[in-house]
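First comes the structure, then the notes that go with it.
The chains referred to below are lettered A, B, ... by the order of the sequence lines, with proteins before strands, and numbering in each begins at 1.
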There are 2 protein chains.
Amino acid sequence: MTASTRIRLTPDERRAQLLDLGVRLLADRSLDELSIDLLAEEAGISRGLLYHYFGNKHAFHEAVVRRAVDDLVAQTAPQPDAGDPLATLAASMTAYVDYVEANHAGYVSLVKGAQGGNETLRAIYDEARGVLTDRIFTEDAQADLIPDTPAIRLLVRGWAAMAEELVLSWVADPAGVSRAELLQLLASSLPALVEGATA
Amino acid sequence: MTASTRIRLTPDERRAQLLDLGVRLLADRSLDELSIDLLAEEAGISRGLLYHYFGNKHAFHEAVVRRAVDDLVAQTAPQPDAGDPLATLAASMTAYVDYVEANHAGYVSLVKGAQGGNETLRAIYDEARGVLTDRIFTEDAQADLIPDTPAIRLLVRGWAAMAEELVLSWVADPAGVSRAELLQLLASSLPALVEGATA
DNA sequence: CCACTCTATTGACGTTTGTTCAATAACGCC
DNA sequence: GGCGTTATTGAACAAACGTCAATAGAGTGG
């Protein structure tokens, strides 16, 4: 549009700009609905520069997903003040619901969408889920509430999938279920499952 | 290769052939890793014919996913012989585990991958999950084991996501958990959740 | 048995889009 | 104020998507 004197950023700044833009654009578009053309125009750069920084389109996608996942992990980091492990769990779930509510489209498209992607994307997703569930073990297991066996590990993993589904489904259509009820479901389900499995 | 006299099938036969081939090819490839060129060559047809039948690549993908999902629903259809609702549930889960074991790659790539796709793909996936979970209600609810409230509906939906995760995760790495234990987890988790939520 | 019609099928063409690479110009430094 | 480093460009290539008028297989009626 206006006079476009070439703007030169440091590599870190440019990477950050492109990743932020990628998160924004890929929130309501799938990867192949996003052309490098559009991305470059939106960022005010040439197509070639994207390849200089990320190599190819898929690598860019992976970097964006990693970025989104890191955000999720950071913003749901547990605060070490609570004493009661159940209260800690409840706080974690609240933070998680907050995050999904604030980033609904992006969560579905980027985080969840990673499951259907290639090996690398699934690995990123798995790693994130691993971090989230490990918190459960390191925080709650200290109180010996949750035994650490292969079957229970598997069950907790399943519980995490359930939690994701509950929140996404509720955000998409909250009809008939209050936020408090949702949080209650999330927090009570883990003990219920563990007790049901060990009994 | 050999003399290729143009083979002319009925539209139904051709559609079926292409969908079958699509299921096979998309089991270990993502959509954009599959070129129409390869598909056409593999099917022994020209590229144009695919567009004649499906319009565009995405519509083809959707049709393939719908096909895979229909297979899943059909092959896990409950047998109306069992009496005890808990036994029926156990039978359903066994059929489900059988299916996922036999179609691991395809399940992940097609069924699960649909979650990360566009609106239409997610609708197909949701519809399939709806059919699967509705079975729970129509079969088990008759015995009044499961009350039908919005919160419980949501919970059952979450349980379905958990079941999927458990099975996929177990198939990917069964270390430390026997098949019987898995089935036990699957079958016992639903009652445990419902009881935990209604208490 | 031949011509004829219907329609499944082709193949060439235009266009979009991912990717490469040598050339260019902005910024810091002497 | 010139100079070198390197972030950045833009043109050129290739692969793949999608379109459409032309083609030919298969049944049908004479």
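- With rounding to whole Å, A/Asp32 atom CG is found 17 Å from C/dT16 atom P.
- When rounded to the nearest whole Å, the span between CG of A/Leu18 and C1' of D/dA7 equals 12 Å.
- At a threshold of 4.0 angstrom between heavy atoms, the contacts of A/Leu38 with the nucleic acid are absent.
- Using a distance-only test at 3.5 Å, with no hydrogens or angles considered, a donor-acceptor pair links the side chain of A/Thr133 to the main chain of A/Gly130.
- Contact check, B/Tyr51 against D/dT19: no side-chain N or O comes under 4.0 Å of OP1 or OP2.
- A/Leu39 places its CG atom 13 Å from the C1' atom of C/dT17, with the value rounded to the nearest Å.
- Of the charged side-chain nitrogens involved, none lies within less than 4.0 Å of a carboxylate oxygen, so that B/Glu13 and B/Arg8 do not count as a salt-bridged pair.
- Remark: P of D/dC17 and CD of A/Glu33 are 15 Å apart, rounded to the nearest angstrom.
- For the pair B/Arg29 CZ and D/dA16 P, the interatomic distance rounds to 13 Å; values are reported in whole Å.
- Between A/Phe54 atom CZ and C/dG18 atom C1' there is a gap of 16 Å when expressed in whole angstrom units.
- Transitive grouping of hydrophobic side chains (ILVMFWY, heavy atoms separated by less than 4.5 Å) keeps A/Leu9 and A/Leu39 in distinct clusters.
- The environment of CD in A/Gln17 is crowded: more than 12 heavy-atom neighbours from other residues, nucleotides or ligands sit within 6.0 Å.
- Computed from coordinates, the A/Glu41 CD to C/dT17 C1' distance equals 15 Å when rounded to whole Å.
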Just the table, please: protein N/O against nucleotides 9-12 of chain C N/O, every pair under 3.5 Å.
residue	atom	partner	partner atom	Å
C/dT9	OP1	B/Ile7	O	3.3
C/dT9	OP1	B/Leu9	N	2.7
C/dT9	OP1	B/Arg14	NH1	2.7
C/dT9	OP2	B/Tyr53	OH	2.9
C/dT10	OP2	B/Ser46	N	2.9
C/dT10	OP2	B/Ser46	OG	3.1
C/dT10	O4'	B/Arg6	NH2	3.2

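- At a threshold of 4.0 Å, the pair A/Asp20-A/Arg24 does not count as salt-bridged, since none of the basic side-chain nitrogens sits closer than that to a carboxylate oxygen.
- Summarising the geometry, the separation between CZ on A/Arg15 and P on D/dA7 is reported as 12 Å, rounded to the nearest angstrom.
- A salt bridge links A/Asp71 with A/Arg67: the closest approach of a Lys/Arg side-chain nitrogen to an acidic carboxylate oxygen falls below 4.0 angstrom.
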